[in-house]
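All of these numbers come straight from a predicted model, not from anything done at the bench.
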Amino acid sequence: MKKRLAQDALAAGHLAALGLIGPFVLALLGVFVGFGIGFLLVLGIGLLFLALFAVCLPGVARFEELRVSGLYGFDLPPRALRRSPRTDWLRVPHTLWLQVTDGRNWLGLLHFLIITFLGGVALWLLGGVASYLVYAIRGSFAADPLMLPNSTLFPPTWAAALIGIGAILVCLAGVWGLTRAHRGISTAMLAPSRIHELERTVATETRRRDDAVSAASIERTRIERDLHDGVQPRLVSIGMTLGLARTKVESDPQAAIDLIDEAHTSTKAAMTELRQLARGFHPAVLEDRGLDAALSALAARSPIPVTLDVRAPHRYSAQVESAMYFAVAESITNIAKHSGATQCRVTVLERPGGMLWARIEDDGRGGARRVPGGGIDGISGRIAAAGGVLTLSSPVGGPTTIDVSLPCQA
């Protein structure tokens, strides 16, 4: 009971504070929007005001989340500022646009607006408490009747104390009702419901499952293509060469030996291709020695020079390491096949917040696009299935940059 009363008193203080500062904040945001729209065509000055609004919007929303979480102990899910994955000059405008299109920011602003209105009412009621307290005290000791606050009535002096106490109780009851309304509104708007959390989890897992299925399908197609275009013709050639050698064993032994040597060489080449194909699934060095060693081996085998910078001090889950290795390996393969690049740079590091980040960039001709069923699409699906994000920037003329972010746990 004491804890609830203390919480209600603190909520009343929050309402009073927002009743004071809230109108100024809302007025400032209104000025930004009004000036932004009004001066939009004047040398783009309006864009500056709209950018200021986009910067303030998540700040207000985050302020409300932290305030309500501290006041009522809500377990609000943490969220970082949405940042653009782009790497070109549009990164800052895109980041600002993400703030404007984030529904949680607008929900926080709406909550701030509603609570500010409630705060204004609470201030009026608290002002009434002060006024009627003064009236009750003065009226009790005054010789002549005093005018009732906010009216033209002059009750008798003997009734001043009763009227004042009654009015104070009514005002305090109104403030208490506003604190109850504050809690109810905050619970409905900001505190995530269990059903909402489950729906969001199901949607996320469904999307990850679809991405995993798509990535597996693309990977299977790639394997079939590599087998059909590489190993299968070589094995057919080996079979034909051995068959021809068998026909020449008696008539021309030396020719038969040469053909057997040729078949032996082709067999070793086929084994090498199969080994490389199997290495693309999950190389043994990745499991034994980790991501740094596996990427170093990958860079050493690359047909184009690769500058590698790996700062991943820990071992990560098999899914994270496999997805990151696959992304880098496929990216280097695509660069070697299609970009015309003379060099490639790969940077891998662990970022604060539990994110494993990689950037693969080349000096090729650019123009790379994500095509359904293509190599980049397969990489993106594999990364999305692991809960990560892939971003491609490849203007015509180059350079091409691929950024990969994966949630990781050391």
Can you confirm whether Ile360 sits close enough to Thr401 that some side-chain heavy atom of one is under 4.5 Å from a side-chain heavy atom of the other?
no
Side-chain heavy-atom pair Val306, Ile332 within 4.5 angstrom cut-off:
yes
The reported gap from CD1 in Ile37 to CG in Leu50 (rounded to nearest 0.5 angstrom) is 6.5 Å
How would you list, by chain and number, every residue that makes a salt bridge (charged side-chain N to carboxylate O under 4.0 Å, His left out) with Arg311, sequence neighbours excluded?
Asp309
Please check if the side chain of Ser394 supplies one atom and the backbone of Gly367 the other of a donor-acceptor pair under 3.5 Å.
yes
Heavy-atom pair of closest approach, residues Val129 and Ile168:
O-CG1, 3.9 Å
When you measure from the side chain of Asp363 to the backbone of Gln343, do you find a donor-acceptor pair of N or O atoms at a distance under 3.5 Å?
yes
Distance (rounded to the nearest 0.5 Å) between Leu118 CG and Leu123 CG:
11.5 Å
Do you know the tightest heavy-atom contact between Leu406 and Val320?
CD1-O, 3.7 Å
Phe63 vs Phe112 aromatic rings, parallel, tilted or perpendicular, using cut-offs 30° and 60°?
perpendicular
Are the side chains of Leu107 and Asn105 in touch, meaning some heavy atoms are under 4.5 Å apart?
no
Trace of the side-chain contact (heavy atoms from CB on, under 4.5 Å) decision for Thr400 with Leu392:
CA-CA 8 Å; Thr400 295; Leu392 170 68; 3.9 Å; yes
Establish, yes or no, whether a centroid distance under 6.0 Å links the rings of Phe32 and Phe53.
no
Nearest heavy-atom pair of Gly19 and Pro23: which atoms, and what distance?
O-CD, 3.4 Å
Which atoms form the tightest heavy-atom contact between Leu125 and Gly174, and what is the distance?
CD1-C, 3.6 Å
Hey, is CZ on Phe117 packed in by over 12 heavy atoms from elsewhere, all under 6.0 Å?
no
Check: Ile402 and Glu330 side chains under 4.5 Å, non-hydrogen atoms:
no
Any side-chain heavy-atom pair from His111 and Ile115 closer than 4.5 angstrom?
yes
Working note: Asp102 + Val100, criterion side-chain contact (heavy atoms from CB on, under 4.5 Å); need CA distance, chi angles, decisive distance, verdict.
CA-CA 6 Å; Asp102 190 343; Val100 177; over 6 Å; no
Nearest 0.5 Å, what's the CG-CD1 distance between Leu190 and Ile185?
10.5 Å
Sub-4.5 Å side-chain heavy-atom contact between Ile114 and His182:
no
Non-hydrogen side-chain atoms of Val346 and Thr307 separated by less than 4.5 Å:
no
Does the Thr179 side chain pair with the main chain of Trp176, one donor and one acceptor, at a distance under 3.5 Å?
yes
Show the nearest heavy-atom pair for residues Met324 and Ala358, with the distance to one decimal.
SD-CB, 3.4 Å
Trp357: partners by side-chain hydrogen bond (donor to acceptor under 3.5 Å, both in side chains), with sequence neighbours left out
none
Rounded to the nearest 0.5 Å, the OH atom of Tyr325 sits from the CG atom of Leu291 at a distance of 10.0 Å
Interatomic distance, Ile335 atom CD1 to Arg345 atom CZ [nearest 0.5 angstrom]
13.0 Å
Tell me whether Gln99 contacts the main-chain N or O of Thr95 through its side chain, where contact means a donor paired with an acceptor under 3.5 Å.
yes
Compare every heavy atom of Tyr316 with every heavy atom of Glu321, then report the nearest pair and how far apart it is.
OE2-N, 3.0 Å
Stepwise side-chain contact (heavy atoms from CB on, under 4.5 Å) check, Arg183 with Val68
CA-CA 9 Å; Arg183 184 182 182 90; Val68 169; over 6 Å; no
Does the side chain of Arg104 come within less than 4.5 Å of Glu65's, by heavy atoms?
yes
Please list, chain by chain and in numerical order, all residues satisfying salt bridge (charged side-chain N to carboxylate O under 4.0 Å, His left out) with Arg365, sequence neighbours excluded.
none
CG on Leu29 to CZ on Phe49, rounded to 0.5 Å:
13.5 Å
For Leu26 and Leu109, what are the C-alpha separation, side-chain angles and deciding distance, and is it a side-chain contact (heavy atoms from CB on, under 4.5 Å)?
CA-CA 9 Å; Leu26 293 173; Leu109 178 61; 4.2 Å; yes
